[in-house]
Each structure stands twice: as C-alpha cells, then as structure tokens.
Amino acid sequence: MNAPPADVAAPGPAGEPERVRFWAALVRPLLERLATPFYLFSVTPVRAALAELEARLSHLPVRHWLSFKTQPLRPLLRWWRAQDRAVEVVSEFEFLAARAEGFAPEQILVNGPAKHHWLPRHAVPGLSVNLDSVAEARALAPLARGLGWRLGLRLNTAEEFDPESPRHPTQFGLTPTEARPVLHHLRRCGREPEILHFHLRTNVTSARCYERALREAAAFCAAARWRPRFVDCGGGWPPPGVRDRAGRRLDARFNWDALRRLLERARGWFPGLEEFWLENGRWLTARSGVLVVTVRDVKERRGLRHLICDGGRTLQALVSLWEQHELFGLPARRGPRVLTAITGPTCMAFDQLARRPLPRALRPGDRLVWLDAGAYHLPWETRFSHGRAAVAWHDGRQVRVVRRAERFAEWWAQWG
Ligand SMILES: Cc1ncc(COP(=O)(O)O)c(C=O)c1O
C-alpha cells in the first residue's frame, strides 16, 4: 500500500488515526481518476476481521457464512469463494449470483421469508435451507426429500423483536407452537431437520440476548426430542466503535469473553451439536469501506453551517439515519469548529449524513470520507434524482474501479 499522507487528520471525533491513514492513502490517488461520489471497499479489513473472529473462537467448532445481503459486492464474493468459504443468501437474485460465481450447492445456505415462491425454480441437490414458515415447510418438504437438502428450522424466540417497537415480534421464523407440528411433519416425510436457526436482529447489544435465545432454543429441542447437528445463531454482532446518533457506542456492552464462554456452555445444551454456524454481516464488513463525497456548496443560517455535497444519506448511506460514523476531510482542515450539517444533493432535509462540530475552514471542493460504509450501504443505495455512484475495490495490493457511475442513458433506460 502507498505510504500514508502526512497531512491527514480527522476533523471529527479524535482517534482512529491508523484507519484514517489507511483510507486516506487509498482514496488520494483515486481522486485523480474517479469523480465523486464513490464507494471504496477493501479486502484488508475483512481479512483482519475474519482472522480476529477465528482466533477468538478457535477452540470452538464454528463455521462462518458470508451474509450476502449485507455487502452484495462481486469482488468480495469472489474473494470469499477463493477462500473456500460458504455463503448465506436470502433471495432469488442472491442465490443466482452465488451460483453464477461458482459456489457449489453445499456452500449455499438459503434463508429468508417466502422462499417457497422462488426456490423450486432453481432446486438443485445439496443445498442447506432454513425453513421460515409453516407454508414453506409444507411446500418445500417434498423437494427437500427428493434432492437431499439439509433442512433447518428458523425459530422465532422471545428474544427476537422489532428493534423500533420492542413490544412487537418480528415476522420471521416459526414460533415454538408452529415449529412443533412442522418438525413432526418433516419427520413423517423422512427429512429430520439438522439445523436450528435464529437471527435476533442487528447490532445486538450483549451476549445475554444470545444466551436467552440459546436457552429457549435448547428447551424447545429437549421437549421435542430433537438433536440438531448445527446451531445457527445468525448475525447481529455490532462492529467495534460504531455509535448511534446520540453518540453512544453500540458495542459498549458487547463482550468477547462472555460470548465465548456462552458458546462453550451452550455446547452442552445441544447433545447432537457438531458445529455452531454464524452469519455475521455487519461485524465482518462494516469496516471494509468508505464513501467519498465532495463539498459543492456552503450555506450558513441560524447557527448551523451546511456543507452541501454530491452524495449523502439518501443516495448512499441510509445507515446514517441511526448511526454516527467517523469521517475525515481531504485536505485536512484545522481551526475553530462550528456546528455543521453534511447534506447530500437531494431535495429533502432528510438527506443529512452527519451533524456535528467541524472546522469552519472546510470549503467547496474539499472531499469528505465517511468511514464504516462497508455494510448495508450498497444494498440500500437509491437513485433519487441521480444515478448510482462508482465503486472501487482494493484487493490488498491494487485498487480498481469495479463499477462505473451510472450514466443518464442507463438511468432513463429503466423504462424500456
Ligand atoms: C438471517 C440473517 N442472518 C444474518 C444477518 C446479518 O446480520 P448482521 O449484519 O447484523 O450481522 C441478517 C441480517 O438481517 C439476517 O437476516
């Protein structure tokens, strides 16, 4: 990698100088050949996150599935496959993409709701399929039997709720009351499920939540005399350092030791267990990308300075609605700070990437680099008044443009 530039400093909250240097060194040369806005993703942070994950859980039997939806980036998928690793998909398009990229059926885990409406079109032997509803189980059981699928049940535990209104359960999986007859039905069809699955939500705050879910799942299995070979705990781990809009660290109560001890104990709760499966998306890939925008105009009114940029929340960073990320400027500007809103170019006050004290010296033409754009940014892009941004990929050695910015002709050609 190029030597880090000496004059880069984060105008946002202090800290993270290493990450700022890493990304600044990659972004700088790119600015000469790529117009903003663009995303830049790198394999280096994914590799580091994966190595950490494996080192911390090394004494446990764990398989890590790549959560495709979190970061549907072709070169990442190719890299993952080259490591001989497996992928989790939740839609027909993701399934077809995984097949197009050469994943064998044995390396594909199919999750997601209502898949009985598309999976039969692409049914091949060897898949792993987590059933999400009673209707799915009825529709897919005969196929599963004929094609030798490894089946799982997604259990909707009491620990799974809508984070925006915690009183309400989510729409996913089978409640224990639904799961019991499904289990009997599958047994009658000669297809004993092998996977017990749950996914609680994203940015789960503490290992305690997993403990409650695992205990409930274990009690269900004991009552149903079911001995799953694989316990799939889904994803949901918060990546280090990410904050909510109020500035609170989302991983403040997330503790590796507690998690490791929990998995060690939980092995004893599932007598048939061979492996834990994990599908962490955010934890693996959030840190693997940045969004780069240019300040195009500046306004100041009623105590707030607005930097109007060519990209932002609405187009590229919906996650900024509930998360606050580090960002830095190129060139680095210092001096007195003033409350500043970084806005995108679309016609809504909603389009606000961040609002925080930033140097008054920031001016039109400056570049702003928004960190942790690697998870749930690409899949939530919009084309609101504009085309899609360019995407560059760093494979650990070189940076190449893997998607160019959408042109007007392509944007308008959507109408046939
Ligand atoms: C079934 C399933 N597994 C894994 C994930 C990845 O979650 P996260 O990115 O929070 O780790 C999701 C996200 O919605 C999911 O629905």
Side-chain angles (χ1 to χ4, degrees), residues 41 45-46 49-50 52-53 56-57 62-73 76-77 80 85-95 98 108-115 119 127-133 136 151-157 159-164 169-174 195-207 209-210 213-214 217 230-242 244 250-251 253-254 256 259 276-289 317-319 321-323 325 372-380:
F41 301 113
V46 184
L50 191 57
E52 182 182 353
L53 204 55
R56 288 189 186 264
L57 303 177
V62 180
R63 187 186 308 198
H64 302 283
W65 298 80
L66 179 69
S67 168
F68 187 127
K69 71 178 143 304
T70 306
Q71 183 63 337
L73 174 65
L76 172 69
L77 210 68
W80 190 263
R85 291 181 181 275
V87 64
E88 179 247 358
V89 302
V90 296
S91 74
E92 183 172 19
F93 279 14
E94 289 179 8
F95 176 85
I108 300 178
L109 170 61
V110 191
N111 272 338
K115 51 191 168 293
L119 194 52
L127 296 172
S128 296
V129 180
N130 281 332
L131 298 169
D132 192 73
S133 77
E136 246 187 36
L151 286 182
L153 299 185
R154 175 164 175 173
L155 206 60
N156 186 300
T157 67
E159 194 52 37
E160 182 175 336
F161 49 79
D162 174 358
E164 274 160 29
T170 73
Q171 68 271 41
F172 304 110
L174 297 146
I195 314 159
L196 181 141
H197 172 46
F198 60 81
H199 169 74
L200 301 183
R201 64 194 153 276
T202 203
N203 281 330
V204 176
T205 50
S206 125
C209 307
Y210 289 98
L214 280 164
F230 309 102
V231 173
D232 176 353
C233 303
W237 301 4
V242 173
D244 66 15
L250 291 166
D251 66 331
R253 292 195 292 127
F254 199 79
W256 268 110
L259 199 74
F276 285 112
W277 288 2
L278 295 176
E279 306 163 354
N280 284 297
R282 192 180 280 285
W283 201 89
L284 269 181
T285 61
R287 291 163 281 179
S288 70
L318 194 65
V319 164
L321 191 54
W322 57 90
E323 287 182 11
H325 294 190
D372 298 316
Y376 301 109
H377 284 65
L378 264 186
W380 263 324

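For reference, positions follow the sequence shown, starting with 1. One-based numbering, in listed order, for ligands and for the atoms of each.
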Enquirer: What is the distance from atom CD of E159 to atom CZ of F198, rounded to the nearest 0.5 Å?
Expert: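 Taking CD in E159 and CZ in F198, the distance rounds to 9.0 Å.
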
Enquirer: Say whether E279 and S67, considering side chains only, have a donor N or O and an acceptor N or O under 3.5 Å apart.
Expert: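 E279 vs S67: no donor-acceptor pair found between side chains.
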
Enquirer: Numbering the atoms of ligand 1 from 1, which are under 4.0 Å from a heavy atom of G235?
Expert: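 Checking each atom against G235, I get 4 (C), 11 (O).
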
Enquirer: Specify the protein heavy atom at minimum distance from atom 5 (C) of ligand 1: its residue, its atom name, and the distance to 0.1 Å.
Expert: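 Of the protein heavy atoms, H199 CE1, 3.4 Å lies nearest.
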
Enquirer: Looking at E88, which atoms of ligand 1 are within less than 4.0 Å of one of its heavy atoms?
Expert: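 The atoms of ligand 1 under 4.0 Å from a heavy atom of E88 are 1 (C), 2 (C), 3 (N).
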
Enquirer: Which residue owns the protein heavy atom closest to atom 3 (N) of ligand 1, what's the atom, and how far is it?
Expert: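 Closest protein heavy atom to atom 3 (N) of ligand 1: E279 OE1, 2.6 Å.
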
Enquirer: Is the backbone N or O of N130 less than 3.5 Å from a side-chain atom of H197, with the two atoms forming a donor-acceptor pair by type?
Expert: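 The answer is no, because no donor-acceptor pair under 3.5 Å joins these two groups.
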
Enquirer: Is E160 salt-bridged to R201, cutoff N-O under 4.0 Å?
Expert: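 Salt bridge flag = no for R201 with E160.
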
Enquirer: Can you find a heavy atom in the side chain of L284 that is under 4.5 Å from one in the side chain of L50?
Expert: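 Touching, per the 4.5 Å side-chain cut-off.
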
Enquirer: By number and element, which atoms of ligand 1 are closer than 4.0 Å to a non-hydrogen atom of T70?
Expert: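 Heavy-atom distances to T70 below 4.0 Å select 9 (O).
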
Enquirer: Taking N or O atoms only and a 3.5 Å limit, does G236 qualify as a polar contact for ligand 1?
Expert: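 Indeed, backbone or side chain, G236 has an N or O that close.
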
Enquirer: Suppose we measure from atom 10 (O) of ligand 1 to each protein heavy atom; which comes out shortest, and what is that distance?
Expert: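 Ranked first by proximity to atom 10 (O) of ligand 1 is T202 OG1, 2.4 Å.
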
Enquirer: Using a 4.0 Å cutoff against the non-hydrogen atoms of G281, which atoms of ligand 1 qualify?
Expert: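 In order of number, 6 (C), 8 (P), 9 (O), 11 (O).
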
Enquirer: Under 4.5 Å between any side-chain heavy atoms of L109 and D232, yes or no?
Expert: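 Yes - at least one pair of side-chain heavy atoms lies under 4.5 Å apart.
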
Enquirer: Of all the atoms in ligand 1, which lie at a distance below 4.0 Å from a heavy atom belonging to R282?
Expert: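 Those qualifying, in numeric order: 8 (P), 9 (O), 11 (O).
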
Enquirer: Can you report which non-hydrogen protein atom sits closest to atom 14 (O) of ligand 1, along with the distance?
Expert: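 That would be K69 CE, 3.4 Å.
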
Enquirer: Taking the six-membered ring where the residue is Trp, are the ring centres of W256 and W237 under 6.0 Å apart?
Expert: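 Yes: the rings meet the under 6.0 Å criterion.
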
Enquirer: Whether the side chain of R85 engages the backbone of L66 through a donor-acceptor N/O pair (distance < 3.5 Å, no angle test) should be reported.
Expert: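 Not confirmed, R85 side chain does not pair with L66 backbone.
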
Enquirer: Is there a donor-acceptor pair under 3.5 Å between the side chain of W380 and the backbone N or O of A317?
Expert: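 No.
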
Enquirer: Suppose I only count heavy atoms of N111 and a 4.0 Å limit; which atoms of ligand 1 are within that range?
Expert: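 Listed by number with element: 1 (C).
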
Enquirer: Which residue holds the protein heavy atom closest to atom 9 (O) of ligand 1, what is that atom called, and what is the gap in Å?
Expert: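 Heavy-atom neighbour on the protein nearest atom 9 (O) of ligand 1: Y376 OH, 2.6 Å.
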
Enquirer: Within the 4.0 Å heavy-atom shell around N280, which atoms of ligand 1 are there?
Expert: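 Once the distances to N280 are compared, the set is 11 (O).
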
Enquirer: Taking heavy atoms and a distance under 4.0 Å, where does R154 meet ligand 1: side chain, backbone, both or neither?
Expert: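 Answer for R154: side chain.
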
Enquirer: With nothing but distance in play, are any N or O atoms of S67 less than 3.5 Å from an N or O of ligand 1?
Expert: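 N/O-N/O distance under 3.5 Å: no.
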
Enquirer: So does E92 pair up with K115, basic N to acidic O under 4.0 Å?
Expert: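 Not counted as a salt bridge, because no side-chain N and carboxylate O are separated by less than 4.0 Å.
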
